[in-house]
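Numbered from 1 within each chain, the chains take letters A, B, ... in sequence-line order.
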Protein chains: 2
Amino acid sequence: MTSDTTLPHYPAAMAQLDSVGSTLLKAAGDLLATEGPAALTVRRIATAAGVSTMNVYSRFGGKDGVVEHLFVEGFSRLGEAMNAGQASDDSIADIRVCGLAYRRFAIEHQTLYSVMFDRVVPDFQPSIDAQVLAGSTLQLLATRLDRAMTAGALRSADPLRTAALVWATCHGVVSLELKAVGPAAIDWPAVYDDAMGMIIRGLS
Amino acid sequence: MTSDTTLPHYPAAMAQLDSVGSTLLKAAGDLLATEGPAALTVRRIATAAGVSTMNVYSRFGGKDGVVEHLFVEGFSRLGEAMNAGQASDDSIADIRVCGLAYRRFAIEHQTLYSVMFDRVVPDFQPSIDAQVLAGSTLQLLATRLDRAMTAGALRSADPLRTAALVWATCHGVVSLELKAVGPAAIDWPAVYDDAMGMIIRGLS
DNA sequence: ACGATGCGATAACAATGTTATCTCAACGTT
DNA sequence: AACGTTGAGATAACATTGTTATCGCATCGT
């Protein structure tokens, strides 16, 4: 629903992409989604886009440039997903909705999520700008938490630091679920629900 | 302190390693710790150990075999670290000590931690046995939580599921800290303390 | 003492990211 | 209008990776 409006932190670099550049990016995204990070090779991206290998270098400066675009695009889409549910009169319920949207995004876009949060592409390090943009996703959550605090539903605290805590908790559960560490018997969706309950109770 | 005793889940494969094999493993571990996952190449491991490349294949079946050994060794050492503080009469304090030991391990062994929890080595997937062993680390935490529950310090719940929740929370905070996502202004050690407080309060 | 066997080192191979070379079409200048 | 220049893009080359094949030679059994 926010797709028709301009996102506040949307990367400027994405706007000045020509047709070949955007085709390459789309091919890379599809490749990542369908075959995983191992399929993200320069040659496969180029051939999937129907252009020659060198375009990756002239447009993006190399493989890492493509990955960085996927990285920032991932955070933009994550921000959209968390922002989908609008604010209601129940600030606690809003936080729950936000958390569930977070998990849904991670599950539905596992490989993209792994590019954003794991070091799945060797030697790739997001630029400072990209990291700042990634961090700005926290503001969404901080705003929601601040509202819950002023409404008295949560105890007062630094909203940004609290947002980091909530984010880390959600990320941790999703992360372990996706990596399948721990006994297979663990009901991770239930653990995620437990986590949201623990967050609400622990911060009240 | 448990290094002179047999660990319950210590991988049997490590016991039947000859001198060359253990030298290779040591070289790989040092390489990983000092230069990061990118330095973990078959040739560098072998030359660092002073043997020829083929030994990696005859001993471990390839690079992934070495990585799997580092993987299970990492979880064994993590288990040791979390088990270092013995049980006291304050079950809540024990849990805090356990959590702090977890963070210290992750910070002190960042690259090993990334092998254990990020997909930092392309195409490496731990075997089922290794995953089970990794999951068994949860038992340590589950035991501590169970004691706190029977002592009345925490509300009753499935200990294993609660352990998964606590583990995921700690992992999430450490993980985001190590990856430096989010604003640089965030005081992650403080967030970690917040997390432990939230856990205790949220599960009481 | 001689042949077989098997281990290990060297070399070869496929695939990766990246860089260099080369071609040729489009443009400006006279 | 013709010619030199420039620049983009494709092909090919290069270094490095994991892995496999080949070959030599020591060791063991008979």
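Remark: the backbone N or O of R147(B) is not paired with any side-chain donor or acceptor of S91(B) at under 3.5 angstrom. For Y192(B) (side chain) and G99(B) (main-chain N/O), a donor-acceptor pair under 3.5 Å exists by modelled atom type. A distance-only check finds no donor-acceptor pair linking the side chain of T23(A) to the backbone of A49(A) [under 3.5 Å].
Note that the first and last nucleotides of DNA chain C, 5' to 3', having any atom under 4.0 angstrom from a heavy atom of chain A are dT16(C) to dA20(C).
Contact annotation: the side chain of R144(B) approaches that of N83(B) to within less than 4.5 Å [non-hydrogen atoms, C-beta and beyond]. Annotation: side chain of H171(A) is in contact with side chain of S175(B) (closest heavy-atom distance under 4.5 Å). Counting only heavy atoms from C-beta outward, the side chains of H109(B) and L78(B) never approach each other to under 4.5 Å.
Nearest heavy-atom pair across V72(B) and A130(B) is CG1-CB, 3.7 Å. Residue V181(A) comes nearest to W188(A) through the heavy atom pair O-CZ2, 3.7 Å, listed as atom of the first residue, atom of the second, then distance.
Judged as a salt bridge (charged side-chain N to carboxylate O under 4.0 Å, His left out), and not counting sequence neighbours, the contacts of R161(A) are D194(B). Residues that satisfy the ring pair (Phe, Tyr, Trp, His ring centres under 6.0 Å) test with F75(B), not counting sequence neighbours, are F71(B), F117(B). In terms of the side-chain contact (heavy atoms from CB on, under 4.5 Å) criterion, residue partners of D64(B) (sequence neighbours excluded) are, by chain and number, F124(B). The side-chain contact (heavy atoms from CB on, under 4.5 Å) search around A39(B) returns L31(B), E35(B), R44(B), not counting sequence neighbours. Residues passing the side-chain contact (heavy atoms from CB on, under 4.5 Å) test with A101(B) are R104(B), sequence neighbours excluded.
Scanning residues 51-58 of chain A for heavy-atom distances under 4.0 Å to DNA chain D yields S52(A), M54(A), N55(A). Contacts of residues 28-35 of chain A with DNA chain D (heavy atom under 4.0 Å): none.
For residues 168-185 of chain A, every residue pair satisfying the salt bridge (charged side-chain N to carboxylate O under 4.0 Å, His left out) rule, not counting sequence neighbours, is listed here: R103(A)-E177(A), D118(A)-K179(A). Note on residues 49-63 of chain A: pairs passing salt bridge (charged side-chain N to carboxylate O under 4.0 Å, His left out), not counting sequence neighbours, are D18(A)-R59(A).
From one end of the helix from dA1(C)-dT30(D) to dT30(C)-dA1(D) to the other, with five pairs defining each end axis, the axis direction shifts by 20° (rounded to 10°).
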Show the distances under 3.5 angstrom between N or O atoms of the protein and N or O atoms of nucleotides 14-17 of chain D.
none

